[in-house]
Amino acid sequence: MRVILAGASGAVGRHLITQLDEAGHDVIGLTRRPGSLAGTPATEVIADVADRRATLTALHGITANAVIHHAVPQNRPAYRRSELRTANRMRIEGTSTLIAAARQAGAKRFVIASSVHGYGFADHGRGYITENASFGSMPGPDADAEQVALRSAEQQARAVGGVCLRFGLFYGTGTDAPVSARASGVLPWIHPQDAATATLLALTRGGKSVALNIVDNTPATWGEVQAAQVVGAGRPVRAPDWLLKVTEPCVYPLMTATNMRVSNERAKAKLRWRPRFGSYAEGLSAAT
């Protein structure tokens with residue numbers, strides 16, 4: 001299979017290039033930075049998915065069987081509103097551009113990176129959220145734009161038979177941040193390598209017009225994961241809430257107001273996928 005991969009140099013993209021190549025697929029990697037795919041088996045194409053005309057021009061004459069949209073930055077959450085606007089533009093306009101690219105290339109398969117953020121930054125209780133839960137419709141002061149963008153991206157993808165992968169929060173990407181003292185709610189997590197494996201399987205086993213939760217088996221608090229990621233530190237840096245509201249306004253409700261356990265049972269059944277790392281502790285331990 002020939003695959004166009006947008007976001008090829010990202011946290012998931014680099015794992016995915018390797019896995020696609022090992023599975024016998026040819027990869028056309030879209031990236032904004034020349035040379036960023038050097039040393040990989042991907043054919044590099046320079047294009048900014050935010051620029052529709054330039055992207056379609058760069059891909060002119062290229063045929064493919066599938067398009068994968070991983071162009072939303074995944075190495076960390078959007079901490080500031082400017083970062084969130086960029087991510088949301090990639091979700092709405094970028095999805096439209098890549099669907100057009102799929103049509104141009106003759107691709108019949110479309111896979112898109114979505115997010116569990118679409119379930120809303122709220123206390124969801126102790127039950128596990130399935131794909132049947134309301135998605136992209138929970139209001140919130142800073143989450144409204146992201147909810148709209150995630151809903152739009154999934155609607156566009158599913159309209160063309162695409163598979164929407166609702167990823168948990170990524171860890172193991174070399175980032176850390178201060179946390180609120182009230183960051184006690186559990187959240188769903190996923191290692192980028194496991195996200196790549198799920199994406200690979202979605203190409204052939206995902207079906208059409210479906211959404212799947214891609215999370216590991218062990219929800220954990222923001223503070224627990226951050227403490228484990230900070231090398232040589234026994235605990236993450238704590239910051240007062242008033243400061244976090246100013247410096248990290250978009251991620252603050254995720255730290256403090258969200259309690260979310262997400263089920264991965266449908267992905268396990270449909271994709272025959274199992275996360276290699278059942279918890280953040282296993283994933284971080286493997287990297288040391």
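Numbers here are sequence positions counted from 1. What you see is a predicted model; the values in this text were computed from it and never measured.
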Asks: I need the full list of side-chain hydrogen bond (donor to acceptor under 3.5 Å, both in side chains) pairs touching residues 44-65, with sequence neighbours left out, sorted by first then second residue.
Replies: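 Non-adjacent pairs meeting side-chain hydrogen bond (donor to acceptor under 3.5 Å, both in side chains): R52-S96.
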Asks: So H70 and F167, ring pair (Phe, Tyr, Trp, His ring centres under 6.0 Å) or not? Walk me through it.
Replies: CA-CA 11 Å; H70 272 292; F167 292 122; 5.7 Å; yes
Asks: With no hydrogens and no angle check, is any side-chain donor or acceptor of R261 less than 3.5 Å from a backbone partner on Y128?
Replies: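 No, R261 side chain to Y128 backbone: no donor-acceptor pair under 3.5 Å.
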Asks: Enumerate the residue pairs fulfilling salt bridge (charged side-chain N to carboxylate O under 4.0 Å, His left out) with a member in residues 153-170, sequence neighbours excluded, ordered by first and then second residue.
Replies: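 Residue pairs with at least one partner in residues 153-170: E154-R166.
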Asks: Could you list the residues that satisfy side chain to side chain donor-acceptor pair (under 3.5 Å) with Q193, not counting sequence neighbours?
Replies: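 Not a single residue meets the side chain to side chain donor-acceptor pair (under 3.5 Å) criterion with Q193.
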Asks: Using a 3.5 Å distance criterion without hydrogens, assess whether the side chain of D194 forms a donor-acceptor pair with backbone atoms of F277.
Replies: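 Yes, D194 side chain to F277 backbone: donor-acceptor pair under 3.5 Å.
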Asks: Taking only residues at least two apart or on different chains, which pairs with a member in residues 99-112 satisfy salt bridge (charged side-chain N to carboxylate O under 4.0 Å, His left out)?
Replies: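 Qualifying pairs, neighbours excluded: none.
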Asks: Is the backbone N or O of M90 less than 3.5 Å from a side-chain atom of H69, with the two atoms forming a donor-acceptor pair by type?
Replies: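 Between the backbone of M90 and the side chain of H69 there is a qualifying donor-acceptor contact (under 3.5 Å).
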Asks: With sequence neighbours excluded, tell me which residues meet side chain to side chain donor-acceptor pair (under 3.5 Å) with S263.
Replies: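 Result, side chain to side chain donor-acceptor pair (under 3.5 Å) vs S263: none returned.
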Asks: By side chain to side chain donor-acceptor pair (under 3.5 Å), which residues pair with R89, not counting sequence neighbours?
Replies: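 For R89, the residues satisfying side chain to side chain donor-acceptor pair (under 3.5 Å) (neighbours in sequence not counted) are E93.
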Asks: Going by atom types alone, do N88 and R85 pair a side-chain donor with an acceptor below 3.5 Å?
Replies: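 Note: N88 and R85 side chains miss the donor-acceptor criterion.
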Asks: For K208, what residues pass the salt bridge (charged side-chain N to carboxylate O under 4.0 Å, His left out) criterion, not counting sequence neighbours?
Replies: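 Applying salt bridge (charged side-chain N to carboxylate O under 4.0 Å, His left out) to K208 gives none.
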Asks: Do E22 and T18 touch side chain to side chain, with heavy atoms closer than 4.5 Å?
Replies: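 The answer is yes, as the side chains (C-beta and beyond) meet within the 4.5 Å cut-off.
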Asks: Please name the pair of heavy atoms, one in G29 and one in A42, separated by the smallest distance, quoted to 0.1 Å.
Replies: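 Taking G29 first and A42 second, the nearest heavy atoms are N-CB, 4.3 Å.
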Asks: Which distance, rounded to the nearest 0.5 Å, do you find between the CD1 of I214 and the CG of L201?
Replies: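 One gets 9.0 Å once the value is rounded to the nearest 0.5 Å.
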Asks: Kindly state each residue pair satisfying salt bridge (charged side-chain N to carboxylate O under 4.0 Å, His left out) with at least one member in residues 114-136, sequence neighbours excluded.
Replies: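 Checked against salt bridge (charged side-chain N to carboxylate O under 4.0 Å, His left out) - neighbours excluded - the pairs reaching residues 114-136 are E131-R266.
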Asks: Cut-off 3.5 Å, side chains only: do R33 and S9 have a donor facing an acceptor?
Replies: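 A pair is found: one side chain offers a donor N or O, the other an acceptor, under 3.5 Å apart.
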Asks: Do L187 and T221 have side-chain heavy atoms sitting under 4.5 Å apart?
Replies: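 In short, these two side chains do not touch, never coming nearer than 4.5 Å.
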Asks: Is a side-chain donor or acceptor of N259 paired with a backbone partner of V186 at a separation under 3.5 angstrom?
Replies: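 Yes, because the side chain of N259 sits within donor-acceptor range (under 3.5 Å) of the backbone of V186.
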Asks: Kindly write out the residues that satisfy ring-ring contact (aromatic ring centres under 6.0 Å, His included) with Y119, not counting sequence neighbours, or none if the list is empty.
Replies: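 Per chain and number, Y119 pairs via ring-ring contact (aromatic ring centres under 6.0 Å, His included) with F135.
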Asks: Once you measure the plane-to-plane angle for W222 and W189, does it fall in the parallel (<30°), tilted (30-60°) or perpendicular (>60°) bin?
Replies: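 Plane angle between 30° and 60°, so tilted.
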Asks: Is there a side-chain contact between L203 and L20 (heavy atoms, below 4.5 Å)?
Replies: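 Answer yes - side chains close enough.
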Asks: Quick one: does I112's side chain get under 4.5 Å of T95's, heavy atoms only?
Replies: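 Result yes, sub-4.5 Å side-chain heavy-atom pair found.
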Asks: Hydrophobic clusters here meaning ILVMFWY residues chained together by side-chain heavy-atom distances under 4.5 Å, can you tell me if M1 and W273 are in one?
Replies: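 Same cluster.
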Asks: Distance alone, cut at 3.5 Å: any donor-acceptor contact between the side chains of N217 and K268?
Replies: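 On atom types as modelled, these side chains qualify, holding a pair under 3.5 Å.
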Asks: What are the two closest heavy atoms between A47 and A58, and how far apart are they?
Replies: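 What the structure gives for the nearest pair is CB-CB, 4.0 Å.
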Asks: For D216 and N264, test the side chains for any donor-to-acceptor distance below 3.5 angstrom and give the result as yes or no.
Replies: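 No, no side-chain donor-acceptor pair sits under 3.5 Å.
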Asks: Looking at S134, is its backbone amide N or carbonyl O close enough to the side chain of S137 to form a donor-acceptor pair, meaning the two atoms are under 3.5 Å apart?
Replies: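 Side chain of S137 to backbone of S134, a donor-acceptor pair under 3.5 Å: no, none is there.
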Asks: Side chain to side chain donor-acceptor pair (under 3.5 Å) with D26: which residues, sequence neighbours excluded?
Replies: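 With sequence neighbours excluded, D26 shows a side chain to side chain donor-acceptor pair (under 3.5 Å) to no residue whatsoever.
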Asks: Taking side-chain contact (heavy atoms from CB on, under 4.5 Å) as the test, write out the residues that go with A107, two or more places apart.
Replies: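 Expected list: V67, A102.
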Asks: Given the side-chain rings of H191 and F170, with only the six-membered ring counted for Trp, is the space between their centroids under 6.0 Å?
Replies: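 Here the rings of F170 and H191 have centres that are no less than 6.0 Å from each other.
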Asks: Write out all pairs satisfying ring-ring contact (aromatic ring centres under 6.0 Å, His included) with one or both partners inside residues 193-217, taking only residues at least two apart or from two chains.
Replies: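 Listed by first then second residue: nothing to list.
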Asks: Ion pair present between R91 and E146, side-chain N to carboxylate O less than 4.0 angstrom?
Replies: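 E146 and R91: salt-bridged.
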